[in-house]
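Scroll down for the structure; my scribbles are underneath it.
Lettering of chains follows the sequences in order, A, B, ..., and the numbering in each one begins at 1. As the structure is a prediction and not an experimental result, all values here were calculated from the model.
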Amino acid sequence: MINITLPDGSVRPYPKGTSAMEIARSISEGLARNVLAAKVNGEVRDANRPIHSDAKLQLLTWNDKEGKSTFWHSSAHLMAEALEAIYPGIKLGIGPAVDNGFYYDVDPGGTQISSDDFKKIEDKMLELARQGNAYKRQEVSKADALKYFQGKGDEYKLELIDELEDGKITFYHQGNFTDLCKGPHIPDTAKIKAAKLMAVAGAYWRGDEKRQQLTRLYGITFPKQKELTEYLEMLEEAKKRDHRKLGQELELFMFSEKVGAGLPIWLPKGAALRSRLENFLKQEQILRGYTPVITPHIGKKELYVTSGHYEKYGKDSFQPIHTPREGEEFLLKPMNCPHHCEIFGHKPRSYKELPLRIAEFGTVYRYEQSGELHGLTRVRGFTQDDAHLFCTPDQVKGEFLSVLDLTRFVLKKLGFDSYTAQISLRDPNDKSKYIGSDENWEKAERAIIEAVAETGLETVTVPGEAAFYGPKLDFMVKDALGRSWQLGTIQVDYNLPDRFELEYIGADNQPHRPVMIHRAPFGSMERFIGVLIEHCNGKFPLWLAPEQYTILPISDKFNDYANEVQKKLATHDIRGIVDDRSESIGRKIRDAEMNKIPYMLIVGEKEAEVGAVGVRKQGEGDLGAKTVEEFVEWFKGLL
RNA sequence: GCCAAUGUAGCUCAGCUGGUAGAGCAGCUGAUUUGUAAUCAGCUGGUCGGGGGUUCGAAUCCCUCCAUUGGCUCCA
């Protein structure tokens with residue numbers, strides 16, 4: 001007998017070799033029906049695999065993250081089976097579960113798969129699912145595995161098997177389908193009741209753009225049709241929050257083919273929003289000891305040769321600007337740091353000046369690949385809320401911590417409470433992508449890791465995500481559709497000070513090299529606002545809203561009174577306009593609601609007589625009348 | 001940059017297998033003067049993304065460029 005410990009702590013004896021599914025059945029038939037996989041001593045496995053020794057067991061269902069991912073991984077196999085049925089000879093790459101469903105990378109040979117084909121693939125999947133075929137695990141030798149896929153002529157699988165260790169290779173079968181797979185899988189295909197292909201895309205084999213491009217098919221499945229319907233509805237809702245759509249509807253920003261792709265143009269309301277955000281941070285930075293500076297949008301090519309940007313990005317950037325003077329070349333600045341290094345170096349510096357914190361909302365230009373452009377979140381011209389802190393080595397930790405505090409303060413103020421803090425380190429396998437000595441890198445990485453550890457901030461560490469001159473702490477936030485974007489960033493840099501030969505005179509009267517911290521709490525105004533729009537669904541915090549209210553006169557007769565009220569509010573720094581169109585009040589309300597104006601102030605005979613406004617809150621409705629004075633008082637309390 | 005798709009009036013979209021464009025909203029004009037999510041009527045508005053080609057004839061078919069969308073790769 002073996003002892004099985006369940007999540008509630010209870011221990012039950014079972015015969016040796018009992019499967020998780022059998023255990024589930026012994027608890028309840030209903031539970032067994034819902035079991036998708038099992039976590040045995042922390043390892044996710046097929047529910048029907050026998051358990052041979054004492055174990056901690058957790059039965060996984062649709063409600064568990066691992067249950068879902070097992071379900072989707074099995075669905076990827078089901079899709080592959082359907083694809084083999086429809087496209088004989090199709091070759092298969094890999095087919096994992098992802099956050100929202102699964103994909104399979106396939107090579108359909110000469111034929112093309114487009115979204116027009118989705119329906120028939122979905123139908124085939126459901127047809128196969130209804131057969132209720134069991135997912136069967138089989139251990140195979142490397143030789144047999146190779147033989148099987150040689151017979152199929154699938155070079156992708158052969159490459160994968162080639163890298164596997166003999167004795168640790170498993171196949172999974174369901175119906176007529178066999179795949180190289182370490183599993184685990186759900187018990188059988190009948191659990192898959194709803195299937196939808198979401199997208200088709202090109203994807204490089206093994207993520208390498210120099211290799212074959214496969215066709216990636218994204219899909220999602222559910223144990224109930226209703227859940228698929230709900231999921232699709234949720235996606236529709238999310239699309240309504242898309243900042244590109246809201247930006248157009250609310251007239252925040254635009255793009256113009258004539259101006260150029262990826263070059264956002266801020267319309268009056270967007271500009272108002274943005275400058276309010278900028279002022280908020282500028283003010284905060286003054287309190288925290290930053291000094292504003294201003295630098296030009298271009299700089300001589302030599303500046304970027306010195307910084308290393310030219311070598312790293314020169315050929316993929318906007319190309320140099322030439323002048324009437326032979327050989328003279330300027331670059332649009334891709335970063336502000338080289339200019340700021342020049343500011344540090346323009347006069348002898350004393351240790352007494354450090355830390356020197358210079359800040360600039362600096363607009364930079366990067367020639368992003370055309371396929372990368374995306375609304376405001378990936379653009380070719382954008383403004384960083386940039387600052388560079390030059391400090392002594394023993395000030396690094398303190399400065400880093402204060403920047404971290406500022407960044408978290410900013411995110412909190414804007415209502416971002418779910419973000420991922422990512423420590424982005426150098427790729428240990430390819431140091432050629434980076435400048436500077438190992439020693440400098442180690443110091444910089446250690447500084448970040450230690451400082452972060454001190455704050456207890458929860459982080460994930462990702463090697464290979466560092467900037468070419470230094471490691472970073474990045475703040476990642478998701479957009480409405482779940483895509484992750486880097487907003488704020490803090491970077492510790494021992495390398496640029498070297499390249500610019502920056503020095504300060506220490507207390508010992510000797511020259512020393514400063515350490516530089518690059519930081520941008522918003523990241524870029526464009527991306528931050530893009531994500532902010534989605535985050536608040538266009539309903540900005542009152543202090544940021546381009547228009548905080550609109551006054552809606554019941555009829556033209558009350559326009560004069562409305563204008564009076566507007567003037568009074570303006571003297572209290574409460575901003576808004578009068579909707580003096582000859583429209584019905586219903587119409588004016590509707591338009592203001594659609595424009596997501598936080599407050600509608602309705603004025604008619606009743607209000608004009610007593611100096612009041614009827615207050616209506618966007619999305620909520622009538623709040624009743626207040627005198628203008630009462631409204632001002634009340635409104636200020638909301639800020 | 002790569003794969004796939006899309007591009008028709010300011011916006012959202014219709015226009016079947018080729019026979020030289022249509023709706024709603026917006027805009028303009030007029031009427032209406034409205035009490036909490038669209039008042040009514042009339043009118044204007046498009047070299048069908050740009051260029052090239054096939055054809056008697058192209059929004060529709062082909063090529064190419066541009067832009068956009070979803071991924072991949074990239075992201076200082």
Just say parallel, tilted or perpendicular for the rings of [X] and [Y], cut-offs at 30° and 60°.
| X | Y | result |
| --- | --- | --- |
| His388(A) | His340(A) | perpendicular |
| Tyr313(A) | Phe468(A) | perpendicular |
| Trp205(A) | Tyr156(A) | perpendicular |

Original post:
Taking for each residue the nucleotide of RNA chain B with the nearest heavy atom, is it Asp556(A) or Tyr204(A) whose nucleotide lies nearer the 5' end?
Top reply: Tyr204(A)
Original post:
If you pin Gln248(A) and Ala261(A) to their nearest nucleotides in RNA chain B, which one's is more 5'?
Top reply: Gln248(A)
For residues [X] and [Y], is any side-chain donor paired with an opposing acceptor at under 3.5 Å?
| X | Y | value |
| --- | --- | --- |
| Gln491(A) | Tyr469(A) | yes |
| Lys333(A) | Thr295(A) | yes |
| Asp579(A) | Thr550(A) | no |

Under 3.5 Å for both donor-acceptor distances, Watson-Crick or wobble: does [N] have a partner, and if so which one?
| N | value |
| --- | --- |
| U39(B) | A31(B) |
| C2(B) | G71(B) |
| U54(B) | none |
| U47(B) | none |
| G7(B) | C66(B) |

Can you tell me the distance, in whole Å, between the [atom1] atom of [X] and the [atom2] atom of [N]?
| X | N | atom1 | atom2 | answer |
| --- | --- | --- | --- | --- |
| Arg378(A) | G70(B) | CZ | P | 14 Å |
| Phe255(A) | C66(B) | CZ | P | 18 Å |
| Ile554(A) | G35(B) | CD1 | C1' | 4 Å |
| Met594(A) | A26(B) | CE | P | 10 Å |
| Leu235(A) | G70(B) | CG | C1' | 12 Å |
| Asp580(A) | U34(B) | CG | P | 17 Å |
| Trp205(A) | C72(B) | CH2 | P | 16 Å |
| Arg581(A) | U34(B) | CZ | P | 18 Å |

Examine [N]: is either OP1 or OP2 under 4.0 Å from a nitrogen or oxygen in the side chain of [X]? Give yes or no.
| X | N | value |
| --- | --- | --- |
| Arg380(A) | C75(B) | no |
| Gln369(A) | C72(B) | no |
| Tyr367(A) | C75(B) | no |
| Arg216(A) | C2(B) | no |
| His374(A) | G70(B) | yes |
| Gln112(A) | A4(B) | yes |
| Arg366(A) | C75(B) | no |
| Arg483(A) | G70(B) | yes |
| Lys588(A) | A38(B) | no |
| Arg244(A) | U68(B) | no |
| Ser115(A) | A5(B) | no |
| Ser555(A) | U33(B) | no |

Nearest to side-chain heavy atoms of [X], which nucleotide of [options]:
| X | options | value |
| --- | --- | --- |
| Glu257(A) | C75(B), A4(B), C66(B) | C66(B) |
| Ser114(A) | A4(B), G1(B), C75(B) | A4(B) |
| Arg587(A) | C72(B), C25(B), C75(B) | C25(B) |
| Arg590(A) | C2(B), G35(B), A37(B) | A37(B) |
| Ala199(A) | C75(B), C2(B), G70(B) | G70(B) |
| Glu583(A) | U39(B), G35(B), C3(B) | U39(B) |
| Ile589(A) | U36(B), C72(B), U33(B) | U36(B) |

Base, sugar-phosphate or nothing for [X]? Non-hydrogen atoms, less than 4.0 Å.
| X | result |
| --- | --- |
| Ala201(A) | base |
| Lys239(A) | nothing |
| Glu607(A) | base |
| Gly621(A) | nothing |
| Ser317(A) | base |
| Gly371(A) | base |
| Tyr103(A) | nothing |
| Lys557(A) | sugar-phosphate |

Lys NZ or Arg CZ of [X] over [Y] ring: under 6.0 Å, within 45°:
| X | Y | answer |
| --- | --- | --- |
| Lys478(A) | Trp485(A) | no |
| Arg380(A) | Tyr367(A) | yes |
| Arg216(A) | Tyr103(A) | yes |

When you compare [N] with [M], how far apart are their [atom1] atoms, in angstrom units rounded to a whole number?
| N | M | atom1 | result |
| --- | --- | --- | --- |
| A59(B) | U6(B) | C1' | 14 Å |
| U32(B) | A14(B) | C1' | 33 Å |
| G70(B) | U8(B) | C1' | 22 Å |
| C74(B) | C48(B) | P | 41 Å |
| C62(B) | G22(B) | C1' | 27 Å |
| G52(B) | U17(B) | P | 26 Å |
| U69(B) | A58(B) | C1' | 26 Å |
| G57(B) | U20(B) | P | 14 Å |

Subject >> Donor-acceptor pair present, Glu368(A) side chain and C75(B) base, under 3.5 Å >> reply: no
Subject >> Considering all heavy atoms, the nearest Leu373(A)-Ala261(A) contact >> reply: CD1-CB, 3.7 Å
